[in-house]
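This report refers to the structure that appears directly beneath it.
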Amino acid sequence: MSAASKLPTSGATNSGNARFNAEAAAWDANPFVHTASKHACDAILARFPDLSKDSPTYDVLEIGCGTGLLSLSLAPFTRNYVAVDAAEGMIEVLKRKVDSSNGISSNVKPIAALLEDPEDPRLPPAEPSSPSSSSSPRLKYDLITSHLVLHHIPDLHGVLTTMLGCLKPGTGRLALTDFEDCGPHSKRFHSKAKMEGVERHGIPRKWMANLMVEVGFVDVKVEEGFRMEKRVEKWEGEFSEGGGDGKVAKEGMGEIAVFPFLLCEGRRP
Ligand SMILES: C[S@@+](CC[C@H](N)C(=O)[O-])C[C@H]1O[C@@H](n2cnc3c(N)ncnc32)[C@H](O)[C@@H]1O
């Protein structure tokens, strides 16, 4: 393992699945995740002018799509939008949204999977006529997105390597968004009760750029994409007091803090 991928983590294992399955049904009730996905969508559209509603040509893969907040906003600008999440509960919510969209989101394909192989047979085949369970080559993508996911992934080197293999050689690009690790302040992003499955308190800018280069990406750019205000605990465990579930602030609790979000870009050579 390289120096770049050896960044200390919070010590958690990939136990986030249980947490996200449990949270799936209520995920969309949190206004913060809607605003965050809207910012991510706007930042991606601003950087990728070829994403077009008039003549959508992009095949896009999203890793960690959750209930599809980013997926359903970006999908109208794409030809195919493959939305993958490791938590089946999240994918079930997204499937219901797609099924009830009267065909508007028919280009969105939700898949429950922890992707470790670009040729995973659960991914759509390169040739639409091939049976999806066959060993024929899988579709390669113009763009891979992921929002608020990187800080949950124990082996980022491994996931970035899988992403690289899923992109179209020469042209396929990454656009990953997550909050930045700016030091001790960044730990405040999660309340004490939401620490399960948190592998790192944000993404360190230089470390991420080095890791992407090490994995094999070119044209790597890791820059601030937007900033967000978030209500955070004034002291660790504040949101758990008074019978709260610790995950959201009740009236009068917490204070507002500002968090920069990174947009991590790179291209498959
Ligand atoms: C904080 S949630 C964000 C969900 C969604 N992107 C949003 O902003 O609403 C993180 C999501 O990433 C998923 N996840 C974490 N690691 C993953 C992995 N290696 N592959 C696929 N999904 C993953 C979790 O199941 C969870 O749904």
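Each ligand, and each atom within it, is numbered from 1 in the order the structure gives. Just so it is clear, the model here is predicted, and its values are computed rather than measured.
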Exercise for the section: Please list all pairs passing the salt bridge (Lys or Arg N to Asp or Glu O under 4.0 Å) test where one or both residues lie in residues 30-51, with sequence neighbours left out. Expected result: Lys38-Asp42, Arg47-Glu223, Arg47-Glu265
Exercise for the section: Report the part of Cys65 (side chain from C-beta onward, or backbone N, CA, C, O) that has a heavy atom under 4.0 Å from ligand 1; answer both or neither where that applies. Expected result: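 Near ligand 1, Cys65 shows its backbone, while the atoms from C-beta on stay back.
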Exercise for the section: State yes or no: do Val222 and Ile144 share one hydrophobic cluster built from I, L, V, M, F, W and Y residues joined by side-chain heavy-atom distances below 4.5 Å, directly or via other members? Expected result: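 Looking at the clustering, Ile144 is in the same group as Val222.
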Presence of salt bridge, [Y] and [X], under 4.0 angstrom:
| X | Y | answer |
| --- | --- | --- |
| Arg200 | Asp178 | no |
| Glu255 | Arg188 | yes |
| Asp120 | Arg138 | no |

Purely on distance, is any nitrogen or oxygen of [X] under 3.5 Å from one on ligand 1?
| X | value |
| --- | --- |
| His151 | no |
| His147 | yes |
| Phe20 | no |

Atoms in ligand 1 with a heavy atom of [X] nearer than 4.0 Å:
| X | value |
| --- | --- |
| Trp27 | 1 (C), 2 (S), 3 (C), 7 (C), 9 (O) |
| His152 | 1 (C), 10 (C) |
| Ala87 | 25 (O) |
| Met90 | 27 (O) |
| Leu114 | 18 (C), 19 (N), 20 (N) |

Problem - Glu233 side chain vs Phe239 backbone, donor-acceptor pair below 3.5 Å - result: yes
Handout entry: Side-chain donor/acceptor of Lys109 to backbone N/O of Asn80, under 3.5 Å
Key =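 No.
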Practice task
Answer with yes or no whether Leu115 contacts ligand 1, where contact means a heavy atom under 4.0 Å from a ligand atom.
Solution key: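 Contact absent.
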Exercise for the section: Say whether Leu70 and ligand 1 are in contact under the criterion: heavy-atom distance to a ligand atom below 4.0 Å. Expected result: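 Not so, Leu70 does not reach ligand 1.
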Exercise for the section: Report the member of Gly64, Ala112, Ala113 with the shortest heavy-atom distance to atom 5 (C) of ligand 1. Expected result: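 Looking at heavy atoms only, Gly64 sits closest to atom 5 (C) of ligand 1.
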Problem - Tyr141 and Thr78 side chains, donor-acceptor separation under 3.5 Å - result: no
